[in-house]
Novice: 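Before I ask anything, here is the structure I am working with.
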Amino acid sequence: NFQYMEEKNIKMALNDNKAGMEGLDRDKINKIIMESSKGSKFYENEVKREQQVNQRIDKMMLQKEQITEQHLKKAQAQVARMVVELEKRRDLTRVIVHVDMDAFYAAVEMRDCPELKDKPMAVGSMSMLSTSNYHARKYGVRAAMPGFIAKKLCPNLVIVPTNFDKYRAVSSEIREIFADYDPNFMPMSLDEAYLDFTEHLEKRQSWPDSLRTHHYRASSNPKGIAPNMMLAKVCSDKNKPNGQYRLPSTREAVMEFVCNLPVRKVSGIGKVSEKLLNALGISSCSHLGQKMALLSLLFSETAWHHFLQVSLGLGSAFIPRHEERKSMSTERTFKEMSAAEEQLSLCRELCEDLANDLKKEGLKGKTVTLKLKNVNFEVKTRALTLSYPVATADEIFAVAKDLLKTERDNESPQPLRLRLMGNQIKQFN
DNA sequence: ACGCGAAGGACCC
DNA sequence: GCCCAGGGTCCTTCGTCT
């Protein structure tokens with residue numbers, strides 16, 4: 001079931017210099033990606049953002065210079081106290097499972113169109129791919145890659161348009177099964193969920209069969225099993241494509257597991273955080289623990305607390321109750337649009353779409369946000385909070401059009417050269 | 001000192 | 001030949017208000 005291999009593996013493979021990826025010529029792939037990107041507005045913006053991160057790093061290193069032994073000693077004591085507190089509350093009694101279906105959209109499309117199974121295929125469009133099957137991955141085609149670049153890597157690539165209704169239907173089938181094992185399971189997306197298996201295991205003592213025999217078995221097999229959510233998520237990334245990985249519920253096992261874990265593998269630590277940490281000589285979670293005092297002086301409280309928990313292999317041992325949504329939005333990307341009338345009518349359209357979605361859930365919100373992205377990929381949001389909640393297209397448009405006008409006036413005499421517009425609403429009652 | 005709104009980002013799928 | 005999404009959550013910073 002190689003088809004179900006996960007995106008992240010390839011991503012890592014392309015970065016990692018690991019041998020044995022059949023037919024994967026990393027240098028060639030990177031060269032093609034580079035040639036397709038270089039000089040584009042997108043690329044220019046990426047460079048700019050990278051420079052901003054570098055400045056952040058410079059600032060951080062400067063701050064680090066100011067830190068004295070005294071500071072560090074004090075911080076170390078604080079960290080030590082905190083560790084004692086956290087250890088006291090460490091909970092190894094729960095069995096949390098993270099299920100992550102590999103290449104979910106692609107798997108559904110191949111089910112419905114078996115000829116695709118033998119071809120390199122991806123789901124998405126020329127501007128963006130959501131996922132790709134195994135054949136396509138051999139060419140370096142992966143999720144979050146624009147289709148036109150993927151086509152250069154693999155001219156025979158078949159791109160299937162996304163069909164969310166279909167994925168939603170399959171997803172709800174699978175969720176029914178999840179509910180049998182944990183009625184309070186937490187769906188994270190159409191293809192991913194956390195389940196608390198503790199009760200089920202106490203009752204049955206065996207791992208479920210129906211998860212295995214269901215016709216989506218390959219993709220709905222439990223993948224990561226651990227005493228908390230953070231670890232379960234990391235575990236689900238191990239032993240791909242088919243295996244599940246169970247981390248024993250002992251402190252020793254957890255600490256050993258976390259020791260060599262690259263920080264980037266942890267959910268919540270992305271590209272930027274990784275780079276910041278790398279600059280401090282931190283790449284694995286054990287480094288994280290070793291430099292905790294320093295981190296507590298350079299990062300916000302929430303940030304270093306999170307780092308500390310990660311370094312100790314701690315995470316939520318219970319699955320939080322499902323929360324209500326906090327915002328709703330629609331946005332669209334298009335070819336450059338500068339004419340005021342055109343922008344206005346698009347804005348109107350978006351408001352209608354948003355109003356429609358709001359109606360489906362019977363929601364009204366007080367804050368309306370207009371999102372704009374210009375042709376240089378610079379993003380702006382402009383918001384206004386009303387004293388009363390709104391829901392209709394007219395009401396939202398009344399706000400959004402003013403926000404848009406203000407931006408146009410702001411830019412004049414230059415026009416707003418847009419490539420994306422979006423509307424968001426939040427502050428529900 | 002505190003709350004809150006606004007804007008920008010990081011991150012996730 | 002051109003061409004890099006869309007739907008969310010949470011966090012941080014800053015300004016103004018009370």
Side-chain angles (χ1 to χ4, degrees), chain A residues 6-8 11 33 35-46 48-49 52-53 56 98 100-105 122-131 142-152 159 161-162 164 167-168 171 187-193 233 236-237 264-276 299-306 320 323-336 350 353-354 357 366-373 375-387 403 406-407 419-427:
Chain A
E6 162 92 60
E7 285 77 10
K8 279 165 235 154
K11 214 179 202 171
I33 294 175
E35 280 167 1
S36 313
S37 312
K38 204 129 196 179
S40 69
K41 296 284 191 186
F42 174 82
Y43 182 78
E44 297 301 319
N45 189 252
E46 285 298 292
K48 197 177 112 194
R49 282 174 42 189
Q52 285 170 355
V53 173
R56 238 177 110 180
H98 180 258
D100 184 352
M101 295 171 246
D102 302 311
F104 181 53
Y105 300 170
V123 178
S125 69
M126 277 307 245
S127 52
M128 190 52 64
L129 302 179
S130 295
T131 186
R142 50 176 163 79
M145 173 182 277
F148 72 90
I149 291 178
K151 277 280 197 184
K152 287 183 185 168
I159 298 181
T162 42
F164 278 104
Y167 313 143
R168 258 191 291 272
S171 179
M188 297 304 288
S189 65
L190 290 181
D191 74 323
E192 206 187 308
K233 167 91 178 159
S236 77
D237 200 51
R264 188 57 225 272
K265 292 271 185 190
V266 177
S267 178
I269 299 183
K271 236 179 111 168
V272 173
S273 302
E274 182 190 28
K275 214 174 162 182
L276 289 170
F299 287 82
S300 73
E301 188 167 277
T302 15
W304 78 261
H305 282 187
H306 179 240
E323 300 225 11
E324 290 118 56
R325 73 153 70 235
K326 298 190 168 138
S327 70
M328 190 182 269
S329 65
T330 50
E331 65 186 59
R332 218 161 291 159
T333 296
F334 36 76
K335 272 195 293 201
E336 173 169 354
L350 288 165
D353 291 351
L354 183 55
D357 292 345
K366 285 197 285 199
T367 305
V368 175
T369 306
L370 176 75
K371 176 175 171 180
L372 303 172
K373 192 193 289 185
V375 290
N376 294 319
F377 287 84
E378 292 159 344
V379 178
K380 262 185 200 168
T381 57
R382 294 291 176 258
L384 185 76
T385 301
L386 303 162
S387 52
L403 294 171
T406 308
E407 278 319 293
R419 78 169 344 260
L420 171 147
M421 191 186 292
N423 283 159
Q424 184 202 48
I425 193 149
K426 56 186 179 198
Q427 291 248 33

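Side chains are part of it too, since the values below use all heavy atoms of this structure and drop only hydrogens, waters and symmetry mates. A note on names: the letters A, B, ... follow the listed sequences, proteins ahead of strands, and every chain is numbered from 1.
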Novice: Does a side-chain N or O of A:S130 approach OP1 or OP2 of B:dC13 to a distance below 4.0 Å, or not?
Specialist: no
Novice: Identify which nucleotide among C:dA5, C:dG6, B:dC13 has an atom closest to any side-chain atom of A:K233, counting heavy atoms from C-beta outward.
Specialist: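 Of C:dA5, C:dG6, B:dC13, B:dC13 is nearest to the side chain of A:K233.
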Novice: How would you summarise protein contacts on nucleotides 8-14 of chain C per nucleotide, using B for base, S for sugar-phosphate only and - for none, with heavy-atom distances below 4.0 Å?
Specialist: SSSSS--
Novice: Pick the C1' atom in C:dT13 and in B:dC2, then give their distance to the nearest Å.
Specialist: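 Result for the C1' pair: 16 Å, nearest Å.
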Novice: Angle between ring planes, A:Y167 versus A:Y105, binned at 30° and 60°: parallel, tilted or perpendicular?
Specialist: parallel
Novice: What is the distance, rounded to the nearest whole Å, between atom NE2 of A:H98 and atom P of B:dC12?
Specialist: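 Nearest whole value for this atom pair: 12 Å.
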Novice: Measure from the side chain of A:R264, starting at C-beta and using heavy atoms only, and say which of C:dA5, B:dC13, B:dC12 lies closest.
Specialist: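 For A:R264, the side-chain atoms sit closest to B:dC12.
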Novice: When you measure from the side chain of A:T333, which nucleotide among C:dG6, B:dC13, B:dG8 comes out closest?
Specialist: C:dG6
Novice: In this structure, how many angstroms lie between the P atom of B:dG9 and the NZ atom of A:K275, rounded?
Specialist: 16 Å
Novice: Rounded to the nearest angstrom, tell me the gap between atom OH in A:Y43 and atom P in C:dC2.
Specialist: 18 Å
Novice: With pairs defined as Watson-Crick or G-U wobble and both distances under 3.5 angstrom, please note down DNA chain B as a dot-bracket string, | for pairing with another strand.
Specialist: |..||||||||||
Novice: Would you confirm whether A:S125, through its side chain, and A:S127, through its main-chain N or O, come within 3.5 Å as a donor-acceptor pair?
Specialist: yes
Novice: In terms of side-chain heavy atoms of A:R382, which of B:dG8, C:dG6, B:dA6 is nearest?
Specialist: B:dG8
Novice: Give a yes or no on whether A:E336 atom CD has more than 12 heavy-atom contacts from other residues, nucleotides or ligands under 6.0 Å away.
Specialist: yes
Novice: With distance as the sole test, does A:R264 use its side chain to make a donor-acceptor pair with the main-chain N or O of A:I269 at under 3.5 Å?
Specialist: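 Side chain of A:R264 to backbone of A:I269, a donor-acceptor pair under 3.5 Å: yes, one is there.
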Novice: Answer whether the closest heavy-atom distance between the side chains of A:K371 and A:V379 falls below 4.5 Å.
Specialist: yes
Novice: Calculate the interatomic distance between A:L384 atom CG and B:dA7 atom P; express it in whole Å.
Specialist: 9 Å
Novice: A:S171 side chain to A:L190 main-chain N or O, any donor-acceptor pair under 3.5 Å?
Specialist: yes
Novice: Nearest nucleotide by nearest heavy atom, which residue falls closer to the 5' end of DNA chain C, A:F377 or A:E331?
Specialist: A:F377
Novice: Would you give the length of the straight line joining atom CZ of A:F104 to atom CD of A:E192, rounded to the nearest 0.5 angstrom?
Specialist: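 The distance works out to 11.5 Å.
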Novice: Counting side-chain heavy atoms from CB outward, which of B:dA6, C:dA5, C:dG6 is closest to A:T367?
Specialist: B:dA6
Novice: Classify the nucleic acid contact of A:K335 as base, sugar-phosphate or nothing, counting any heavy atom under 4.0 Å across all strands shown.
Specialist: nothing
Novice: Under 4.0 angstrom, heavy atoms only, what part of the nucleic acid is A:L420 near: base, sugar-phosphate, or nothing?
Specialist: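 It contacts sugar-phosphate atoms only.
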Novice: Just checking A:S125: base, sugar-phosphate only, or nothing, at a heavy-atom cut-off of under 4.0 Å?
Specialist: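 Result for A:S125 = nothing.
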Novice: Nearest heavy atom decides the nucleotide; on that basis, is A:V379 or A:L190 closer to the 5' end of DNA chain B?
Specialist: A:V379
Novice: Using a 4.0 Å heavy-atom cut-off across all strands, classify A:S36 as base, sugar-phosphate, or nothing.
Specialist: nothing
Novice: Has A:T381 got a side-chain N or O lying under 4.0 Å from the OP1 or OP2 atom of B:dG8?
Specialist: yes
Novice: Can you tell which of B:dC12, B:dG9, C:dG6 lies closest to the side chain of A:Q52?
Specialist: B:dG9
Novice: For the pair A:E331 and A:K373, find out whether any cationic side-chain nitrogen is under 4.0 Å from an anionic carboxylate oxygen.
Specialist: no
Novice: Any heavy-atom pair between the side chains of A:R332 and A:L420 that's under 4.5 Å?
Specialist: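 Not in contact.
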Novice: From the set B:dA6, B:dC13, B:dA10, return the single nucleotide nearest to any side-chain atom of A:V272.
Specialist: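 Selected nucleotide: B:dA10.
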Novice: Under 4.0 Å between a side-chain N/O of A:K380 and OP1 or OP2 of B:dG9, yes or no?
Specialist: no
Novice: Is any side-chain N of the basic residue among A:E378 and A:K48 closer than 4.0 Å to the acidic one's carboxylate O?
Specialist: yes
Novice: What is the distance, to the nearest angstrom, from the CE atom on A:M126 to the C1' atom on C:dG1?
Specialist: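 Rounded to whole Å, this separation is 10 Å.
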Novice: What is the nucleic acid contact for A:K271, judged by heavy atoms within less than 4.0 Å: base, sugar-phosphate only, or nothing?
Specialist: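 Sugar-phosphate contact only - A:K271 comes under 4.0 Å of backbone atoms but never of a base.
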Novice: Would you indicate, yes or no, if B:dG5 has its OP1 or OP2 atom less than 4.0 angstrom from a side-chain nitrogen or oxygen of A:Q427?
Specialist: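 For B:dG5, OP1/OP2 do have a side-chain N/O of A:Q427 under 4.0 Å.
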Novice: Given atom CG of A:N423 and atom P of C:dG7, what is their separation to the nearest angstrom?
Specialist: 11 Å
Novice: Quick one: A:F148 CZ to C:dC3 P, roughly how many Å, whole number?
Specialist: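 Distance, rounded to whole Å: 8 Å.
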Novice: Take A:E46 and A:R49, measure what salt bridge (Lys or Arg N to Asp or Glu O under 4.0 Å) needs, and give me the verdict at the end.
Specialist: CA-CA 5 Å; A:E46 285 298 292; A:R49 282 174 42 189; 3.4 Å; yes
Novice: Output the rounded distance in Å from CG (A:D353) to P (C:dG7).
Specialist: 9 Å
